[in-house]
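Input: a single structure, listed below in C-alpha cells.
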Protein chains: 2
Amino acid sequence: MSKQELPVADLNAVACCSPIAVRPMNAEQAAVVAPLFKALGDQVRLRLMSMIASVPEICVCDLTPAFDLSGPTISHHLKVLREAGLVDAERRGTWVWYRVKPEAFRQLGALLEISAAPAGSSAG
Amino acid sequence: MSKQELPVADLNAVACCSPIAVRPMNAEQAAVVAPLFKALGDQVRLRLMSMIASVPEICVCDLTPAFDLSGPTISHHLKVLREAGLVDAERRGTWVWYRVKPEAFRQLGALLEISAAPAGSSAG
DNA sequence: CTCCTGTTTTGAAATCTGTCAAGCTAGAAG
DNA sequence: CTTCTAGCTTGACAGATTTCAAAACAGGAG
C-alpha cells in the first residue's frame, strides 16, 4: 500500500500550469486538476483530508469514529483521496496510517493563488 | 441577475476557519466549504472559472464556443458556479457578463495554505 | 493451525450529476 | 405589434456517486 498504486494521471502536470486566475486553462490541464478539486468536494472527504493534514500521520482507527458512517464507507473515501494523489497510506502491523502528500496539496493551493493584481493589470 | 439570487450558505463562515491543514474541520465548516471545491471539481466548470478569472469580465457568448457542449449545458455549469458564490453575472443589453467574486476565490486559496512548515523545509 | 480485530473489496440500491432537446424570457430592431 | 438573437429553464435519460451489508484480506495472539 505504501507503493504507489496507480499512475495518478501525471500529477506533475499540475505544477506546469499557472494559477487558474492568470490564464485560461486548456482542456488537458483541467482534466488533470479537476479530479483534485472533486476529491475535496465532499464533506466527508474534506473532513478526512483536514484531519489527516492537521497531523503528521493518523490511523484509520482514529478517523472512522469521527463519522456516523460505516467502515467501508470511510475506506472508500480514503481510497478516493489516495487515487487523487492527495494522501498516502502505509500499513504498520494491524493498523493503516494515512498522511498527506504535501506536493499535491501545495500545488492545489498554488492554483488558487491570485498572482499580482486581481483584475486591473494587463497580463501578457 | 446582478442581484444575488440565493443565500449562498453563509459564505462568510468560510473566512472563519483555519486552513484545512491547520486544524481538523468540523462537519459544519466542511458543509460550507465542500460545495466550493465541488463546484471546481468538474473539467468544464474549472475551465469556465479559469476563463472568467483570467479577465475582468467575460460574456457568455465568448465562453460557450470554447466547448463542444450545448448552450444549456454551459448555462447549467455557470449556474453551479454562481450558486457556489464563486462568480457573479450581470445582464447588459443583449449579453450576460460574468466576473469572479474575489472574496470567495481568495478564501478558497486560504483554505489550502500550508500555515507554517511547508513540509519540506525540515524533513520530519 | 484457529480465532480475533482492523481495513479493504465486492455487490447492490438510492440518489445525484452532466448532457441535450425543446420551450421560455429579455432585450434590440424593425 | 413582430421577429431575431442571447441566454436560461424544464424535462428526461445515461452514467456516476454515496452508502451499507457481506465477504475477503492482513496481521497479531493463542
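Each chain gets a letter, A, B and so on, in the order the sequences are listed, and its residues count up from 1. Predicted model only: the values in this text are computed from it and were never measured.
- Residue A:Q43 contributes atom CD, which lies 14 Å from atom C1' of D:dT17 at whole-angstrom precision.
- Residue pairs meeting the disulfide bond (SG atoms under 2.5 Å apart) criterion with at least one partner in residues 22-51 of chain A, sequence neighbours excluded, do not occur; the list is empty.
- Under the rule for a salt bridge (charged side-chain N to carboxylate O under 4.0 Å, His left out), B:R23 has no partner lying at least two apart in sequence or in another chain.
- A side-chain hydrogen bond (donor to acceptor under 3.5 Å, both in side chains) check over residues 42-56 of chain B, counting only residues at least two apart or in different chains, returns the pairs B:R45-B:H77.
- The separation between A:L78 atom CG and D:dT19 atom C1' is 15 Å, rounded to whole Å.
- Between the CD atom of A:E83 and the P atom of D:dA16 there is a distance of 15 Å, given to the nearest Å.
- Considering only side-chain N and O atoms, B:K38 lies nowhere under 4.0 angstrom from the phosphate OP1 or OP2 of D:dT17.
- B:R92 comes within 4.0 angstrom of nothing in the nucleic acid, heavy atoms only.
- A donor-acceptor pair is defined here as one N or O able to donate and one able to accept, closer than 3.5 Å; no such pair exists between the side chain of A:Q107 and the backbone of A:A104.
- Partners of B:T94 by side chain to side chain contact (heavy atoms under 4.5 Å, CB included), not counting sequence neighbours: none found.
- Heavy-atom nearest nucleotides on DNA chain D were determined for A:G41 and for A:G93, and the one closer to the 5' end corresponds to A:G41.
- In this structure, B:S75 reaches the D:dC8 phosphate: one of its side-chain N or O atoms is under 4.0 Å from OP1 or OP2.
- The distance from atom CD of B:E90 to atom C1' of D:dC8 is 17 Å, rounded to the nearest whole Å.
- Looking at the side chain of B:C61, the nearest of the listed nucleotides D:dT9, D:dG7, D:dC8 is D:dG7.
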Between the protein and nucleotides 19-25 of chain C, are there any N/O to N/O pairs under 3.5 Å, and if so, what are the atom names and distances?
from   : atom 1 : to    : atom 2 : distance (Å)
C:dT19 : OP2    : B:H77 : NE2    : 2.5
C:dC20 : OP2    : B:S70 : N      : 2.8
C:dC20 : OP2    : B:S70 : OG     : 2.8
C:dC20 : OP2    : B:T73 : OG1    : 2.6

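- In this structure, the CH2 atom of A:W97 is 14 Å from the C1' atom of C:dT7, given to the nearest Å.
- Taking atom CG on A:L63 and atom C1' on C:dG6, their separation rounds to 13 Å, with Å as the unit.
- Look at CH2 on B:W95: it is 17 Å from C1' on D:dC8, rounded to the nearest Å.
- With sequence neighbours excluded, the residues forming a side chain to side chain contact (heavy atoms under 4.5 Å, CB included) with A:C61 are A:C59, A:W95, listed by chain and number.
- Within the structure, every side-chain polar atom (N or O) of B:Y98 is placed at least 4.0 Å from both OP1 and OP2 of D:dA6.
- Taking 4.5 Å as the limit, some side-chain heavy atom of B:M49 sits within range of a side-chain heavy atom of B:V87.
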